[in-house]
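Since the structure comes first, as structure tokens, the remarks are kept for the end.
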Amino acid sequence: MKIALCAIILILGLLLAGCQRTPAEQQIRAAIAAAAQATETTTAGAFADVLSEDFDGNQGAFDRKQLANLLRMAHLRGEKVRVVLGPVTLEARGARYVARFTATLGGGGKLLPERLGVYRVETAWREEDGDWRCYSATWTRNL
């Protein structure tokens, strides 16, 4: 009887541990990594999945659709992009987060050469239907 009770408690403990949600910070870091990977593979859909529908890039310069279309064009042209992310720092702001990092873009082609370089990036995140999405980003070229 004791063994059965211990087994049930162990199983319940494992189930409860499996039900724990991934911390927001970990989800946001994973989303940033997924966006970098989508950029390297010029997979516009996967990149857009990280962004909210009302995404605002560089204070109105780009929206979600425009960034996705830029990747689609790069993909159609066969352009290659390399992305190296620097350390990501996260700051909680109420129910939202701000993530800051550097992104080094390398590669070559006709569409993206003027956009390659080292960028300082600041992104704002909110939870939408259980997923963390970037709703705003600003980036400035450092080099």
Side-chain angles (χ1 to χ4, degrees), residues 4-143:
L5 183 58
C6 286
I8 290 172
I9 291 172
L10 178 63
I11 291 170
L12 286 175
L14 291 173
L15 287 174
L16 289 175
C19 291
Q20 290 180 345
R21 295 194 60 204
T22 305
E25 294 90 350
Q26 189 175 344
Q27 290 182 46
I28 293 167
R29 288 178 194 281
I32 291 168
Q37 178 65 32
T39 300
E40 285 192 336
T41 60
T42 59
T43 310
F47 184 84
D49 285 346
V50 173
L51 307 178
S52 67
E53 289 292 328
D54 62 342
F55 173 81
D56 176 33
N58 264 2
Q59 302 166 340
F62 289 95
D63 63 17
R64 180 179 193 248
K65 186 177 179 180
Q66 288 170 319
L67 284 178
N69 284 339
L70 184 64
L71 280 179
R72 282 184 187 96
M73 288 175 53
H75 180 76
L76 290 172
R77 290 176 169 221
E79 294 190 19
K80 303 293 179 202
V81 180
R82 287 185 313 277
V83 179
V84 178
L85 295 177
V88 177
T89 60
L90 288 166
E91 176 186 337
R93 291 196 179 162
R96 298 177 183 211
Y97 280 84
V98 172
R100 292 181 187 90
F101 54 92
T102 58
T104 303
L105 303 180
K110 295 179 181 175
L111 180 64
L112 299 173
E114 70 277 3
R115 294 182 175 92
L116 301 179
V118 179
Y119 291 84
R120 180 170 292 140
V121 183
E122 181 173 298
T123 57
W125 298 79
R126 66 178 174 229
E127 192 173 19
E128 297 178 355
D129 299 323
D131 293 318
W132 284 88
R133 304 239 187 267
C134 179
Y135 66 90
S136 177
T138 57
W139 55 90
T140 55
R141 189 170 176 178
N142 286 343
L143 298 173

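Because the structure is predicted, anything quoted here is derived from the model rather than measured.
Every residue meeting the salt bridge (Lys or Arg N to Asp or Glu O under 4.0 Å) condition with Asp131, not counting sequence neighbours, appears here in chain and number order: Arg133. Glu53 is linked by a salt bridge (Lys or Arg N to Asp or Glu O under 4.0 Å) to Arg64, counting only residues two or more places apart in sequence or in another chain. Listed by chain and number, the residues in a salt bridge (Lys or Arg N to Asp or Glu O under 4.0 Å) with Asp129 amount to none (sequence neighbours excluded).
Looking at Thr22, its side chain never comes within 3.5 Å of a backbone N or O of Gln27 through a donor-acceptor pair. Side-chain atoms of Glu122 never come within 3.5 Å of backbone atoms of Arg100 as a donor-acceptor pair (strictly under, hydrogens ignored).
Summarising the geometry of Ala68 relative to Ala48, their closest heavy-atom pair is CB-CB, 4.2 Å, with the distance given to 0.1 Å. The two residues Asp54 and Ser52 have their closest heavy-atom pair at OD1-OG, 2.7 Å. Closest approach of Thr138 to Gln59, counting heavy atoms only: CG2-CG, 4.4 Å.
You'll find the side chain of Glu91 stays beyond 4.5 Å of the side chain of Tyr97, heavy atoms only. Contact check for Phe101 versus Tyr119: no side-chain heavy atoms found under the 4.5 Å cut-off. Residues Leu71 and Thr39 are in side-chain contact: their nearest non-hydrogen atoms beyond the backbone lie under 4.5 Å apart. Looking at heavy atoms from C-beta onward, Trp125 lies in side-chain contact with Val50 at the 4.5 angstrom threshold. Contact of the Leu90 side chain with the Arg29 side chain is registered, since non-hydrogen atoms from C-beta on lie closer than 4.5 Å.
Between atom NZ of residue Lys65 and atom CZ of residue Arg72 there is a gap of 8.5 Å, rounded to the nearest 0.5 Å. The distance from atom CG of Asn58 to atom CG of Asp63, rounded to the nearest 0.5 Å, is 12.5 Å. Once rounded to the nearest 0.5 Å, the distance linking CZ of Arg126 with SG of Cys134 reads 9.5 Å. The CZ atom of Phe62 sits 12.5 Å away from the CG atom of Leu51 when rounded to the nearest 0.5 Å. For the atom pair Thr102 OG1 and Leu85 CG, the distance stands at 7.5 Å (nearest 0.5 Å). To the nearest 0.5 Å, atoms CE (Met73) and CD (Glu79) are separated by 8.5 Å.
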**Prompt:** How far apart are the C-alpha atoms of Phe55 and Tyr135, what are their side-chain angles, what is the distance that settles it, and do they pass the side chain to side chain contact (heavy atoms under 4.5 Å, CB included) test?
**Reply:** CA-CA 4 Å; Phe55 173 81; Tyr135 66 90; 5.7 Å; no
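Within a 6.0 Å radius of CZ in Arg120, other residues, nucleotides and ligands contribute 12 heavy atoms or fewer.
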